[in-house]
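What follows is a short report on a single structure.
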There are 2 protein chains.
Amino acid sequence: MPNERRKKIAQNSLLLQTFPQDTQDMILSMSSWREYDRGETLFLQGETAKAIHIVTEGWVKLYRIAPNGGEAVVNVFAKGQSFGEAVAFRGQAYPVSAEAVTSCEVMRIPSVALLEAMRKDPEIAVAVLASTFMHLHSLVSQLEQLKAQTGPQRVAEFLLELCEQETGSCVVTLPYDKFLIAGRLGMKPESLSRSFARLKTAGVHIKRNHAAIEDIEMLREYSESDPVEAWHKAQ
Amino acid sequence: MPNERRKKIAQNSLLLQTFPQDTQDMILSMSSWREYDRGETLFLQGETAKAIHIVTEGWVKLYRIAPNGGEAVVNVFAKGQSFGEAVAFRGQAYPVSAEAVTSCEVMRIPSVALLEAMRKDPEIAVAVLASTFMHLHSLVSQLEQLKAQTGPQRVAEFLLELCEQETGSCVVTLPYDKFLIAGRLGMKPESLSRSFARLKTAGVHIKRNHAAIEDIEMLREYSESDPVEAWHKAQ
DNA sequence: GGCTTGAAATGACAATAGTCAAGACACGGC
DNA sequence: GCCGTGTCTTGACTATTGTCATTTCAAGCC
C-alpha cells in the first residue's frame with residue numbers, strides 16, 4: 001500500500017501537524033493502519049480505549065446507543081481528522097461507538113506513544129489539548145444547533161459548512177447518505193426530506209446527492225434568522 | 001473571607017484533586033477569587049481565555065447565543081466543578097459565555113500557572129486532559145439525550161442525576177429555577193411544567209422546588225424505555 | 001427491455017413541543 | 001392581613017416532527 005501517502009495525511013492531521021518532525025516520526029513508527037469495510041465496527045462504547053484514531057481515507061461515524069435503543073450520531077469524521085484523544089490517556093471506557101460508513105482506512109496511535117511524547121515535550125500536551133478542544137467546540141456547536149435552531153435551519157447550516165466559498169452560488173456533494181445526515185442533524189430521514197423541500201424557497205435544489213445553492217449569503221441569512229421569521233420566508 | 005474553606009473546595013475539585021500537594025499549593029498561590037452577584041457575567045463568548053475557573057460557591061451557567069438570538073444553555077456548574085481548561089491553554093476565544101445564576105464565588109487559575117506545572121510534571125497534563133474529557137463526556141450525554149429521548153424522559157434523567165441513591169424513594173431539591181432547568185434540557189418552561197405533570201404517573205411529585213420520587217428504579221425504567229412505550233405508561 | 005431492489009420523496013395521521021394568554025400560587029413589603 | 005410582584009402552571013391553539021404506508025425513482029441485472 002502507498003505507505004507514504006498515509007503518512008503524509010497523518011502528518012497533516014490537526015492532531016499531529018504542530019508536532020516537531022522527530023516526534024511525528026517516532027509516533028508514526030509506533031502506529032499501525034487498518035482498513036475497514038462499510039458497516040464494520042471500529043470499537044463499541046464501554047470498551048477500554050488504548051489508542052487514538054486518525055482517519056486517512058473514507059468516513060467514520062461516532063454514535064451512541066441510548067438505553068432506550070435510540071441511536072444518536074455524535075459526529076462523522078473525514079480524512080485527516082482524529083478522535084479519542086482525551087479518553088485514551090486514562091485507559092477509560094469509550095463513551096461512544098465507532099463505525100465505518102464507507103470503506104475506509106484508519107491509523108491507530110497507541111496511547112503509550114503519545115504519553116511518551118508528552119513526557120519528553122510538554123508542548124505536545126498542549127497540542128493534544130488543543131485538538132481535544134476542537135472536539136469540545138464542535139459538540140458545543142451541535143448543542144446550540146439542536147437547542148436554538150429549527151430543522152430546516154440546521155440543514156441549511158450543514159450545507160453551508162460543506163461549501164468552501166463565502167458568497168455566490170455553488171454545488172456541493174452530500175458526503176454520505178441521507179439516513180446518516182438525518183441522524184447527524186438529530187432528525188428522521190423524512191424530516192430531512194421535508195426540510196430540503198422547505199429550503200427550495202431559500203434557493204437550494206437537491207438532485208440525487210448534490211445540492212445546488214443559488215446564493216450562499218441568502219442561505220446563511222436564512223439559517224441565522226429567527227425561527228418565526230424563517231417560517232414566513234419559507235411559505 | 002474564610003480563605004481556608006475556599007482552598008479546601010478548590011483542592012477537592014475534580015481538576016486539582018489528583019495533583020501533588022506542592023503543585024496544588026503553587027497553583028493556589030497564583031490564583032485569585034472573585035464574587036459575583038446573580039446575573040453577573042463572568043465572560044462572554046469570543047473573549048480571549050486567560051484563566052481556568054473553579055466554582056467554590058453557588059452556580060454558574062455556560063450558555064451560547066445563536067446567531068438567530070436563541071439561547072442554548074450548555075451546562076450549569078456547581079461547587080467544586082471547573083471549566084475552561086482546554087480553551088485557556090491556547091489563549092483561544094471562549095466558545096461560550098458564562099453567567100452567575102446565583103450569587104457565587106469563583107476561583108481563577110491563570111493559564112500560565114497550569115502551563116508551568118505541566119512543564120514540570122507531565123502527569124499534570126494527563127490530569128487536565130482527564131478533566132477535559134469529563135466535559136466532553138457530559139456534552140456527548142447531552143447530545144444523546146436531546147437526540148434520542150423525549151422531553152419527559154430527559155426530565156426524568158435530570159432528576160435521577162440529582163439523587164444520590166440508586167434505589168428506593170427520595171426527595172431532591174431542584175438546584176436552580178425552572179426557567180434555567182428548561183433551558184438546560186432544551187425545552188421551554190411550559191413544556192417542563194407539562195413534563196412534570198406527565199411524570200406524576202411515574203411516581204414523581206413536584207412541590208415548590210422539591211421533587212419527591214416514589215421509586216427511583218421505576219423512574220429509571222421510565223427514562224430508559226422506548227418513547228412509544230413511555231407514552232402508554234404515562235396515560 | 002423488463003424486472004428487482006433499495007433509497008428517497010410524499011401523503012395522511014398521531015403525538016410532541018412551541019406560543020400566547022390567563023390564572024394560581026408563594027413571597028415580600030407595608 | 002392585604003396587595004403587588006414574579007414565578008410557575010394551565011388551557012387553547014398552532015406548528016413541527018415522528019410514524020406508517022405508499023409511490024416514485026434510479027441503478028443494476030438477467
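Here is how names work: the chains are called A, B, and so on, in the same order as the sequence lines, proteins then strands, and each is numbered from 1. Just so it is clear, the values below take in all heavy atoms, side chains as well, and ignore hydrogens, waters and symmetry mates.
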Check the distance between [N]'s [atom2] and [X]'s [atom1] and give it to me in whole angstrom.
X	N	atom1	atom2	answer
A/Phe196	C/dA8	CZ	C1'	11 Å
A/Ile206	D/dT24	CD1	P	22 Å
B/Lys207	D/dT9	NZ	P	13 Å
A/Leu192	C/dA7	CG	P	15 Å
B/Lys188	D/dT7	NZ	C1'	17 Å
B/Gln149	C/dA17	CD	C1'	16 Å
A/Arg198	C/dA9	CZ	P	16 Å
A/His210	C/dA8	NE2	C1'	16 Å

Of the listed nucleotides ([options]), which one gets closest to any side-chain atom of [X]?
X	options	value
A/Glu190	D/dC20, D/dG18, D/dT10	D/dC20
A/Lys178	D/dT17, C/dA17, C/dA8	C/dA8
A/Met187	D/dG18, D/dC8, C/dT10	D/dG18

Exercise. OP1 or OP2 of C/dG18 less than 4.0 angstrom from a side-chain nitrogen or oxygen of B/Ser191, does that happen here?
Worked result: yes
Exercise. Looking across every strand, which nucleic acid part, if any, lies under 4.0 Å from B/Arg194 by heavy atom: base, sugar-phosphate, or nothing?
Worked result: base
Exercise. Nearest nucleotide by nearest heavy atom, which residue falls closer to the 5' end of DNA chain D, A/Arg208 or A/Pro152?
Worked result: A/Pro152
For this session: Hey, which sits more toward the 5' end of DNA chain D by its nearest nucleotide, B/Tyr176 or A/Arg154?
Result: B/Tyr176
Seminar exercise, completed: The side-chain contact (heavy atoms from CB on, under 4.5 Å) partner of A/Phe83 among A/Val96, A/Ile52, A/Ile54, A/Val60 is A/Val60
Problem set entry | Any side-chain donor near an acceptor of the partner, A/Thr167 and A/Glu217, under 3.5 Å | no
For this session: Would you indicate whether A/Tyr176, at its atom OH, is surrounded by more than 12 heavy atoms from other residues, nucleotides or ligands within a distance under 6.0 Å?
Result: yes
Exercise. Going by the angle between their ring planes, with limits at 30° and 60°, are A/His53 and A/Tyr94 parallel, tilted or perpendicular?
Worked result: tilted
Problem set entry | Side-chain (A/Ser141) to main-chain (A/His137) donor-acceptor, under 3.5 angstrom | yes
